[in-house]
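Report on the following structure.
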Amino acid sequence: SMPHIEKALQPLFDKYVGLILDGEAYNYDLRQDLGSFISIVSTKKLTQDDLDYSEKHAQFWVYDVVINKPYVERNMHINALLMELAIINPYAVGKVIQMPTYETFSHKDIDAFLDDCESKGEEGCMIRLNDKGYEHKRSSSLLKYKSWIYEEFECLGMDEGEGNLKGVCGTF
C-alpha cells in the first residue's frame, strides 16, 4: 500500500545492505482520524485512489535503527542516514520522517512535555532510557506515559461488530 515509501528508502537499503529501520506509517496531521488512515495503508486490495491517497498522506516515521548501541547513538545514526537519504534521493524528503526526540533531566520536565503533548490532542508521550542497545521486543527502556481519568459511565446500549467482530459487541 506504500510503494512510494519503498521508492524513497530504496537507495539507502541498496547502499547499506542489512539496514533495518524501526518505524511505522503515520501522518501527524491525520492523528485525529487514524482509523481512515490505517484502513488505507493496511488494505490488501488497493484501488488507484487508495494508492494516490497513500502517496499523498502516508509517511514513514523512523523511531529507531537496529544496531547494538545506546539509543543516543542510534538516534544520531538515524539523523545521519536521513540527511544522507535527502541528498541521494530528494524524493524521500517529506516521505521519510525522523521521530522528534527531546532530552529531559527531571520528572518535572517530563510532566511539562506530557502537558504539551496532551494540549495538542495526543494521548501521551513516550519516555526512552538511553543506556540500552536495541531490543527486539517490548522494552522496559521505552515507556508509554499518559494521564489517566478514572470515571464510571452507564452503558446505554451495544451494537454488534462488523467483520472480525461479527457476533460480538463492536461498540458501546
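Quick caveat: nothing in here was measured; it's all calculated off a predicted structure.
Atoms CG and NZ, on Asp50 and Lys44 in that order, are 13.0 Å from each other to the nearest 0.5 Å. The CD1 atom of Ile5 sits 9.0 Å away from atom CD of Glu55, with the distance rounded to the nearest 0.5 Å. For the atom pair CD of Glu118 and NZ of Lys120, the computed distance is 12.0 Å after rounding to the nearest 0.5 Å. Atom CD of residue Gln10 and atom NZ of residue Lys15 lie 14.5 Å apart, to the nearest 0.5 angstrom. A distance of 11.5 Å separates CG of Asn27 from CD1 of Ile38, quoted to the nearest 0.5 Å. Distance NZ/Lys7 to NZ/Lys95: 8.0 Å, rounded to 0.5 Å.
Using a distance-only test at 3.5 Å, with no hydrogens or angles considered, no donor-acceptor pair links the side chain of Thr104 to the main chain of Asp109. In this structure a side-chain-to-backbone donor-acceptor pair under 3.5 Å is missing from Glu24 to Trp61. The backbone N or O of Ala58 sits less than 3.5 Å from a side-chain atom of His4, completing a donor-acceptor pair. Between the side chain of Ser119 and the backbone N or O of Asp116 there is at least one donor-acceptor pair closer than 3.5 Å. Panel note: side chain Gln98, backbone Leu82; no donor-acceptor pair is recorded below 3.5 Å.
Residue Trp148 comes nearest to Lys146 through the heavy atom pair CD1-O, 3.4 Å, listed as atom of the first residue, atom of the second, then distance. The minimum heavy-atom distance linking Cys117 with Gly124 is given by the pair CB-O, 3.7 Å. Closest approach of Pro3 to Leu51, counting heavy atoms only: CD-CD2, 3.9 Å. Of all heavy-atom pairs spanning Asp22 and Phe60, the tightest one is C-CZ, 4.5 Å. Here the shortest heavy-atom pairing between Ile88 and Pro11 reads CD1-CB, 3.9 Å. When every heavy atom of Ser140 is checked against every heavy atom of Glu135, the shortest pair comes out as N-OE1, 4.4 Å.
For the pair Cys125/Leu114, a side-chain contact is recorded, criterion being any heavy-atom separation below 4.5 Å from C-beta on. Side chains of Glu84 and Ile87 form no contact here, defined as non-hydrogen atoms less than 4.5 Å apart. For the pair Tyr71 and Leu129, the minimum side-chain heavy-atom distance is 4.5 Å or more. For the pair Phe13/Glu6, no side-chain contact is recorded, criterion being any heavy-atom separation below 4.5 Å from C-beta on. Looking at heavy atoms from C-beta onward, Thr101 lies out of side-chain contact with Arg128 at the 4.5 angstrom threshold.
Each of Leu12, Leu81, Leu9 was scored for a side-chain contact (heavy atoms from CB on, under 4.5 Å) with Val96, with one residue passing: Leu9.
By the neighbour-count criterion of 12 heavy atoms within 6.0 Å, atom NZ of Lys69 is sparsely surrounded, having that number or fewer from other residues, nucleotides or ligands. At most 12 heavy atoms of other shown residues, nucleotides or ligands fall within 6.0 angstrom of atom CD in Glu162. The 12-atom threshold is not exceeded at CG of Asn164, counting heavy atoms of other residues, nucleotides or ligands nearer than 6.0 Å. Within 6.0 Å of CE on Met158 lie no more than 12 heavy atoms contributed by other residues, nucleotides or ligands.
Shown here are the ring pair (Phe, Tyr, Trp, His ring centres under 6.0 Å) partners of Phe113, two or more places apart in sequence or in another chain: Tyr102.
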Chi angles and distances behind the side chain to side chain contact (heavy atoms under 4.5 Å, CB included) call for Tyr63, Leu142: CA-CA 11 Å; Tyr63 302 144; Leu142 183 60; over 6 Å; no

Worked check of side chain to side chain contact (heavy atoms under 4.5 Å, CB included) between Ile97 and Tyr28: CA-CA 10 Å; Ile97 311 288; Tyr28 183 82; over 6 Å; no

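Linking Ile, Leu, Val, Met, Phe, Trp and Tyr residues whenever their side-chain heavy atoms come within less than 4.5 Å leaves Val66 and Val62 in two separate clusters. Hydrophobic clustering (side-chain heavy atoms under 4.5 Å, transitive across Ile, Leu, Val, Met, Phe, Trp, Tyr) groups Tyr16 together with Leu85. Ile67 and Leu21 end up in the same hydrophobic cluster when Ile, Leu, Val, Met, Phe, Trp and Tyr side chains are linked at under 4.5 Å.
Phe37 and Tyr53 have tilted rings, their planes meeting at an angle from 30° to 60° on a 0 to 90° scale.
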